[in-house]
Amino acid sequence: MKRLVIEPNERRQIEWLVDDVLDEYGQWDAVQFASHAKAVAESLPIRVRQFFRRSQTAETDLMVLSGLPLSPELEPTPTGWDMAEKIGAGTREEIVLSLIAAGLGEPFAWGDQQNGRIVHDVCPAPGMERSETSQSSTAPLSLHTEDAFHPCRCDYVALFCLRNPDKVGTTVVRADNLNLPEKLAEILSEKRFYHRPDQSHIGPHGHDTDAVDVDAILFGPPESRYLRIDFDDTTAADENDQEALDAIAELYKYSVAALERVVLEPGDAIFVDNYRVVHGREPFEPRYDGNDRWLKRVNVLRDIRRMFMLTGERSRIVA
Ligand SMILES: [Fe+2]
């Protein structure tokens with residue numbers, strides 16, 4: 001994991017950029033801003049831009065920026081993303097995340113997730129405690145590749161921590177640390193697996209649960225494997241393929257053995273390489289008193305044209 005600690009003068013530089021964005025673009029709209037974000041991100045501190053370039057070239061699997069600016073007037077943690085959207089909570093932090101994410105790549109959104117918003121709120125919601133979504137709390141969020149079911153899944157998941165008083169851990173498993181036996185790696189590299197849409201994509205406007213993709217779980221360069229797995233939603237393409245089912249169970253054991261936890265502090269933004277790392281979250285007790293864990297999240301592609309080609313639309317929102 002590579003970490004860059006933002007210096008006070010760099011923090012001020014980022015705060016001025018946020019002021020400029022609010023002055024120039026008026027009412028904050030992350031989707032509208034997305035097409036301008038890369039140009040504005042050119043004015044981020046040079047150390048941030050160099051950190052991203054070097055990390056991307058080296059295929060660094062986890063990157064953290066620490067000491068990013070947080071507003072002294074940060075609102076209480078909303079009770080769910082819909083509440084956050086309604087009251088426009090954490091606007092300055094959304095701009096910070098939009099800018100740094102654009103420094104690394106191209107932010108985009110899913111039409112069926114959080115109302116098509118490009119910057120998501122990750123905070124516990126009453127009634128969702130045991131769901132398989134980012135609104136859960138008392139149930140752990142299982143290890144997964146973000147949006148594993150879809151060919152447009154992001155290259156990086158960016159999580160910007162606004163509040164985490166109980167030091168709830170983000171769980172990560174890095175493909176490089178799995179040490180899988182050759183035979184197991186071989187089975188996981190075959191196109192014998194279904195990747196179904198997860199619960200966050202299911203709903204009146206969600207993806208069809210039958211529209212699943214058959215693919216491998218392991219792929220890419222043998223010396224530096226890529227992973228595609230959601231332990232809640234990946235299964236054998238053929239329900240009678242016991243070898244494939246056993247391989248998923250074995251992979252889970254190896255993943256648990258390689259599990260690491262990262263505790264995000266307020267002002268930390270982590271960029272998780274979605275091809276090299278699977279992630280999840282430890283369980284915690286929500287309080288719903290305005291002090292719960294609160295992150296802003298954005299999905300980032302290295303090249304937005306890959307999405308245009310796959311969807312056939314020049315849009316940053318995957319329908
Ligand atoms: Fe996730």
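We use all heavy atoms of the structure for the numbers below, so side chains are in, but hydrogens, waters and symmetry mates are not. Note that ligands are numbered from 1 as they come in the structure, with each ligand's atoms numbered from 1 the same way. The first residue in the sequence is number 1, and the count goes up from there. No experiment lies behind these values; they were computed from the predicted model shown.
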Scan side-chain atoms only and decide if T145 and N274 contain a donor-acceptor pair under the 3.5 Å cut-off. no
For F149 and W110, take the angle between the two ring planes, folded into 0 to 90°, and tell me which bin it lands in: parallel under 30, tilted 30 to 60, perpendicular over 60. tilted
By atom name, which N, O or S atom of [X] is the nearest to the Fe ion (ligand 1)?
| X | result |
| --- | --- |
| H144 | NE2 |
| E146 | OE1 |
| H279 | NE2 |

Greater than 12 external heavy atoms within 6.0 Å of E182's CD: no
Verify, without hydrogens or angle tests, whether R293 (side chain) and S137 (backbone) share a donor-acceptor contact under 3.5 angstrom. no
